[in-house]
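Just below is one structure, and these are the notes that go with it.
One-based numbering, in listed order, for ligands and for the atoms of each. For the numbers below, each heavy atom of this structure counts, side chains included, while hydrogens, waters and symmetry mates do not.
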Amino acid sequence: MEKKQFPLFVLIVVSVLLGVILTQMFTGYTFMDILPSRFNGSETNKFSLFSITPIKHSKHLMVSAFIDHRINKAIRVISIIRRDSLQPLYCIYCNNDDNCQTAEAEVQIHSDHFGFPYAASDVLCDGAHTQDAAFVSISTSRNISAIYSEDLLPIKNTVTRESFKFNFSVCISNLFGSYNNVLQFVQTMEMYKLLGVQHVVIYNTSCGPDLEKLLQHYKKEGILEIVPWPIDHFLNPSKGWNFVEHGGDLHYYGQLVNLNECIYRNMYQSKYVLLNDIDEIIMPYKHANLPLLMEDLQQEHRDVGVFLIENHIFPKTQFEETGRFNRSEWRGIPGINIMEHIYREPDRKNVFNPRKLIINPRSVIQTSVHSTLQQYGDVYYVPFDVSHIVHVRVPLQGHLTKEQLAVDTRVWDFEQELISNVDKTLQASDLLKITD
Ligand SMILES: *[C@@H]1O[C@H](CO)[C@@H](O)[C@H](O)[C@H]1NC(C)=O
Ligand SMILES: *[C@@H]1O[C@H](CO)[C@@H](O)[C@H](O)[C@H]1NC(C)=O
Ligand SMILES: *[C@@H]1O[C@H](CO)[C@@H](O)[C@H](O)[C@H]1NC(C)=O
Ligand SMILES: *[C@@H]1O[C@H](CO)[C@@H](O)[C@H](O)[C@H]1NC(C)=O
């Protein structure tokens, strides 16, 4: 008797579990949840499930929609606009009770487009009841019925917050090609964690096979938010920053779109946001970490919302002499070992050191790569000796000998924890086999 009932019992347990899992799957499907009744079942009406959505009957693309509480709760849609194909655009937006409105859209093309045909842009809609809107579409028609045939974007930042899930988030603009610089990536991520960063956002077009493992690990760990960025499915993105030199449709795989999107994405989520590249570390030199640095800077400069940090090049071609960080367990890991590159290029007369940014996202309207384009508060240039960027890469002044470079071993101050955390992460990512 007991033997016969056992399989039945197992079957019941399995079906109950399956039921729970399926229910969770469907109730967790938030797009369906908030899809208003009259759109249900319609094949042509859906929320766009992608991070890039064509605006129908146009050459333009839309990315994400936000309420901007600073400008009368207008709807701001981060978009990619083809500059030579401007046409009247409208927002059609609806609340959760299915009440829809239209408003004429104001297209603001960012001034930094570097000559490319497509540019990072804001499509702004200031109309009645935008504060209650739950989803929006950009349309070439002002007829409200057009909403039935448009792709819809959910509207984010519907409520403001004054306390944040994160104190420091880093926005890394984009990954593309077969980028597989694992060692520098893991060292940089672990360095950021030691400096007080809790959240990193990365826009992924593609990457190499080993870096993929590391990204999956960080995603699982929870520190890394990966935004799919299949820009190459829609445009011919440029691998460079200048249209005349590099050609293509859009600056650097859409870097400017990513940076702006990331600011709004983090506006009520993170106290500060760092805008820098994957191979750059914004390093405090007089404080133990970023919270202590920003506490002092913000106290001294209360009205500042944008802090500019100088970039400095540490050539990957110059190795420190002792070889103490030439660690056997890292020899099979692809990429640059930043701990071996402690020689910093000197400033050049009449050459400007580019800067990257630490911002209060609530004070920024539009950003470029090395400065913001529009902001509310003041801008402050952080002195070199307080903080500068450690940027290990190919030299800019490749003719200089080691003796002509400055020694800067700041990364070594974190040596013990950094090495141990890097090794743990490489192991957890299945990139490093434990040998002992
Ligand atoms: C709006 O579009 C609907 C559906 O295509 C159409 O029936 C209606 O006549 C249009 N209204 C106007 C004012 O053009
Ligand atoms: C952010 O900083 C505050 C003040 O130092 C601290 O109380 C809080 O725990 C920090 N939040 C996170 C997510 O670390
Ligand atoms: C990054 O994008 C590529 C191409 O779509 C994809 O194959 C890969 O799985 C993505 N990686 C992560 C970690 O999301
Ligand atoms: C690191 O050590 C290995 C093994 O001793 C050696 O082959 C390699 O040249 C060293 N690398 C550097 C940059 O010194």
Side-chain angles (χ1 to χ4, degrees), residues 38-39 42 44-45 49-52 56-57 88 90-92 94 100-104 137 139-150 171-187 189 199-235 237 239 253-254 258 262 278 314-343 392 394-395 402 411-412 419 425-426 428-431 435:
R38 82 172 185 212
F39 293 115
S42 163
T44 47
N45 287 285
L49 290 169
F50 307 101
S51 47
I52 303 169
K56 287 195 177 150
H57 314 295
Y90 304 89
C91 284
I92 309 179
C94 310
C100 300
Q101 312 269 342
T102 57
E104 209 164 316
S137 187
S139 175
T140 54
S141 162
R142 64 158 80 236
N143 184 342
I144 252 179
S145 306
I147 191 116
Y148 292 109
S149 59
E150 307 286 354
C171 293
I172 306 279
S173 46
N174 45 37
L175 268 180
F176 58 84
S178 52
Y179 190 81
N180 204 36
N181 186 353
V182 175
L183 194 50
Q184 186 164 14
F185 190 96
V186 66
Q187 288 175 336
M189 286 288 287
H199 177 224
V200 177
V201 182
I202 201 158
Y203 294 77
N204 169 36
T205 302
S206 61
C207 68
D210 303 290
L211 193 64
E212 171 76 14
K213 289 186 181 177
L214 190 60
L215 295 180
Q216 294 294 357
H217 165 77
Y218 279 130
K219 186 176 160 184
K220 203 164 65 193
E221 186 183 274
I223 189 175
L224 186 61
E225 180 178 356
I226 299 174
V227 183
W229 188 249
I231 188 70
D232 49 347
H233 293 206
F234 299 93
L235 299 175
K239 287 190 168 63
Y253 277 76
N258 298 152
C262 201
I278 210 166
F314 292 61
K316 67 172 188 177
T317 46
Q318 299 285 5
F319 290 79
E320 71 89 20
E321 307 268 321
T322 69
R324 58 193 274 222
F325 296 108
N326 182 359
R327 299 177 64 83
S328 57
E329 80 268 25
W330 292 348
R331 278 183 207 136
I333 307 293
I336 298 171
N337 177 0
I338 64 169
M339 300 190 81
E340 292 187 297
H341 306 291
I342 50 152
Y343 295 97
V392 180
V394 293
K402 208 173 262 185
V411 170
W412 290 3
I419 292 173
T425 298
L426 288 172
S429 311
D430 202 25
L431 288 161
T435 44

For residues 207-216, run the donor-acceptor check on the side chains, cut-off 3.5 Å, and write out each pair with its distance to 0.1 Å, sequence neighbours left out.
{"unit_1": "D210", "atom_1": "OD2", "unit_2": "N180", "atom_2": "ND2", "d": "2.8"}
{"unit_1": "E212", "atom_1": "OE2", "unit_2": "Q216", "atom_2": "NE2", "d": "2.8"}

Option from L224, V200, I226, I202 for which side-chain contact (heavy atoms from CB on, under 4.5 Å) with Y218 holds: L224
Counterpart residues, salt bridge (charged side-chain N to carboxylate O under 4.0 Å, His left out), relative to K219 (two or more places apart): none
Which of the ligand 4 atoms, numbered from 1, are nearer than 4.0 Å to a heavy atom of R331: 1 (C), 2 (O), 3 (C), 4 (C)
Polar side chain donor-acceptor pair, H341 to Q318, under 3.5 angstrom: no
Nearest non-hydrogen partners of S141 and I92, listed with the distance: O-CD1, 4.1 Å
N or O pair under 3.5 Å between E340 and ligand 4: no
Under the side-chain hydrogen bond (donor to acceptor under 3.5 Å, both in side chains) test, residues paired with D232 that sit two or more places apart: none
No-hydrogen, no-angle side-chain donor-acceptor test under 3.5 Å, N337 and R327: no
First-shell residues of ligand 3 [heavy atom, distance under 4.0 Å]: N204, T205, E212, L215, Q216, I226
